[in-house]
K.L.:
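After the structure tokens below, expect a handful of questions from me.
Residues: numbered from 1 along the sequence shown.
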Amino acid sequence: MNDHPAPTGAAPRRRPLRHVLARRARALTEARWFALSVFVLIIVNAALLGAETYSGLARDWRHWLHLAEHLCLAAFTVEIAVRACAHADRPRDFFRDPWNLFDLAVVACAFLPLVRENTTVLRLLRLARVLRTARFLPQLRIVIVAVARSLPGTVSFLLVGTLLLYVYAMVGWVFFGEANPGQYGSLGRAALTLFLLVTLDGLGDAVHAGLEVSRWSILYYASYVLIASFVLVNVLIGVVISSLEEARELEREHSPAPDTPSVPVPMPMPVPAQAQAPVPVPVPVPVPEVDLRTRIAAARRALDDLEAVLPPLLVPHPPEPPVLTPAPAPASAPDTAHP
């Protein structure tokens, strides 16, 4: 016979260490002061990079500038490590975020021996850290995403523009190559001239120089400006605006709603039918007397208008009284007696 009583309930299961670590790291990365500190650190790194362009300042403060660079690199390394710990319970989500991949690539490349030995590549890598400010500025992030999404449409625009530029450059070389060899002496010069004319800069001088060769040159320049400067540029603007709207929709989908609670709301426990309170019957609200009078007056006016619209044939008329005609008087017999 067992003398030990049966356990009334199992011991609470302890959460894994990675879940605890992820919860604390996530609370740290979602704090406002954390994002503000990283943003200030990026601005300081950009200021240090700009200070190195001054030869005198870079020579006098070389040691301190290198020390500040190493401190910034250490701080960025700690930041990306904390962000990775925030996804310890779901590591795949860390690599699904493109901004996490960009931050990881920028920080990891700084530790590569090939990059550290090449000063030019290292400076370009440090310059790429400035782009990380888009992570903390939603409007800038929307613009960058819009530019990235407009690349397919921009490539199509570039193909059409290149074809148009090639055709008009060849035509310009044929007609103006001998008269104006400085601008149309070869295909490359003609293409460069027409590319600069897209901005309408120097269009007047080009038209006057063309009129000295032929009066039909006005059709050449007018058609080119109409297609290149107005049609194609407006098409490019439309592609960018459409991509900007798509980027805003994506930002709204990925950003959490401000009223959405982060903690799941517990479901209420079912209440037995005996303990449920009776459902109150809605009491009809009395209609004000003034409103009722207004409705009655409106109904009367509607009936009067309907009666006035109806044709007169549908309105019943009272029967007319019969007309009585008097009967003719009987004729008297002629008197034949003579006095």
K.L.:
Return the CG to CG distance between Leu36 and Leu41, rounded to the nearest 0.5 Å.
P.N.:
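Separation between the atoms: 11.5 Å.
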K.L.:
Would you say Phe34 has more than 12 foreign heavy atoms packed within less than 6.0 Å of its CZ?
P.N.:
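Correct, the count exceeds 12.
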K.L.:
Output the distance between atom CG (Leu232) and atom CG (Leu236), rounded to the nearest 0.5 Å.
P.N.:
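The distance works out to 9.0 Å.
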K.L.:
Kindly state each residue pair satisfying side-chain hydrogen bond (donor to acceptor under 3.5 Å, both in side chains) with at least one member in residues 209-237, sequence neighbours excluded.
P.N.:
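Non-adjacent pairs meeting side-chain hydrogen bond (donor to acceptor under 3.5 Å, both in side chains): Tyr168-Ser223, Tyr184-Tyr221.
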K.L.:
Taking all non-hydrogen atoms of both residues, which atom of Thr193 and which atom of Gln183 are closest, and how far apart?
P.N.:
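That closest heavy-atom pairing would be OG1-O, 3.0 Å.
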K.L.:
How close do Leu104 and Ile80 get, counting heavy atoms only, and between which atoms?
P.N.:
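In terms of heavy atoms, the two residues are closest at N-CD1, 4.0 Å.
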K.L.:
Look at the side chain of Arg189 and the backbone N and O of Pro181, then say whether any donor-acceptor pair between them is shorter than 3.5 Å.
P.N.:
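Checked: pair present.
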K.L.:
Just wondering, are more than 12 heavy atoms of other shown residues or ligands nearer than 6.0 Å to CD in Glu178?
P.N.:
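Counting other residues, nucleotides and ligands, CD of Glu178 stays at 12 neighbours or fewer.
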K.L.:
Atom CG in Leu244, atom CD in Glu246: separation rounded to 0.5 Å?
P.N.:
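The CD atom of Glu246 is 10.0 Å from CG of Leu244, to the nearest 0.5 Å.
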K.L.:
What's the separation between atom CZ in Arg96 and atom NE2 in His87, rounded to the nearest 0.5 Å?
P.N.:
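Output value for this atom pair is 10.5 Å.
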K.L.:
Enter the distance from Asp97:CG to Leu101:CG here, rounded to the nearest 0.5 Å.
P.N.:
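If we round to the nearest 0.5 Å, Asp97:CG and Leu101:CG are 7.5 Å apart.
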K.L.:
Is Val171 linked to Val207 within one hydrophobic cluster, defined over Ile, Leu, Val, Met, Phe, Trp and Tyr using a side-chain heavy-atom separation of less than 4.5 Å?
P.N.:
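Linked within one cluster.
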K.L.:
Identify whether Val106 and Leu71 are in the same connected component of the hydrophobic contact network (ILVMFWY, side-chain heavy atoms under 4.5 Å).
P.N.:
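Cluster IDs for Val106 and Leu71 differ.
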K.L.:
For side-chain contact (heavy atoms from CB on, under 4.5 Å), just list the numbers for Leu203 and Val225, CA-CA rounded to whole Å, side-chain angles, deciding distance to a tenth of an Å, and then say yes or no.
P.N.:
CA-CA 9 Å; Leu203 179 61; Val225 170; 3.8 Å; yes
K.L.:
Could you list all the side-chain hydrogen bond (donor to acceptor under 3.5 Å, both in side chains) pairs where at least one residue sits in residues 44-55, not counting sequence neighbours?
P.N.:
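Sorted result for residues 44-55: Asn45-Arg129, Glu52-Arg126.
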K.L.:
Would you say Leu164 ends up clustered with Val231 if hydrophobic residues are merged whenever their side chains have heavy atoms under 4.5 Å apart, either directly or through other cluster members?
P.N.:
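No, it is not one cluster - the side chains of Val231 and Leu164 are not joined through contacts under 4.5 Å.
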K.L.:
Is Thr29 reaching over with its side chain to a backbone N or O of Arg83, donor-acceptor style, under 3.5 angstrom?
P.N.:
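Answer holds: no.
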K.L.:
Would you mind checking if Arg23 and Asp89 are paired as a salt bridge, meaning a charged N to carboxylate O distance below 4.0 Å?
P.N.:
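Salt bridge: no.
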K.L.:
Please say yes or no: joined through hydrophobic side-chain contacts below 4.5 Å, possibly via intermediate residues, are Val235 and Val240 part of one cluster?
P.N.:
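They do not share one cluster, since no chain of ILVMFWY contacts under 4.5 Å joins Val235 to Val240.
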K.L.:
Hey, any chance Leu28 and Val78 share a hydrophobic cluster, counting ILVMFWY side chains that come within less than 4.5 Å of each other, even indirectly?
P.N.:
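Yes, Leu28 and Val78 fall within the same hydrophobic cluster.
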K.L.:
What's the separation between atom CG in Leu165 and atom CG in Leu192, rounded to the nearest 0.5 Å?
P.N.:
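Here the rounded value is 9.0 Å.
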K.L.:
What is the minimum heavy-atom distance between Thr199 and Leu196, and which atoms define it?
P.N.:
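The answer is OG1-O, 2.8 Å.
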K.L.:
Provide the closest heavy-atom pair for Ala169 versus Ala191 in the form atom of the first, atom of the second, distance.
P.N.:
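Minimum heavy-atom separation between Ala169 and Ala191: CB-N, 3.8 Å.
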K.L.:
For Arg24, does the CZ atom sit with more than 12 other heavy atoms under 6.0 Å from it, leaving out its own atoms?
P.N.:
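No, not enclosed.
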K.L.:
Using atom types as modelled and distance alone, determine if a side-chain donor or acceptor of Ser242 lies under 3.5 Å from a backbone N or O of Gly238.
P.N.:
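No, because the side chain of Ser242 does not come within donor-acceptor range (under 3.5 Å) of the backbone of Gly238.
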K.L.:
Considering only heavy atoms from C-beta outward, does the side chain of Asp103 approach that of Phe76 to under 4.5 Å?
P.N.:
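The answer is no; the side chains never approach within 4.5 Å.
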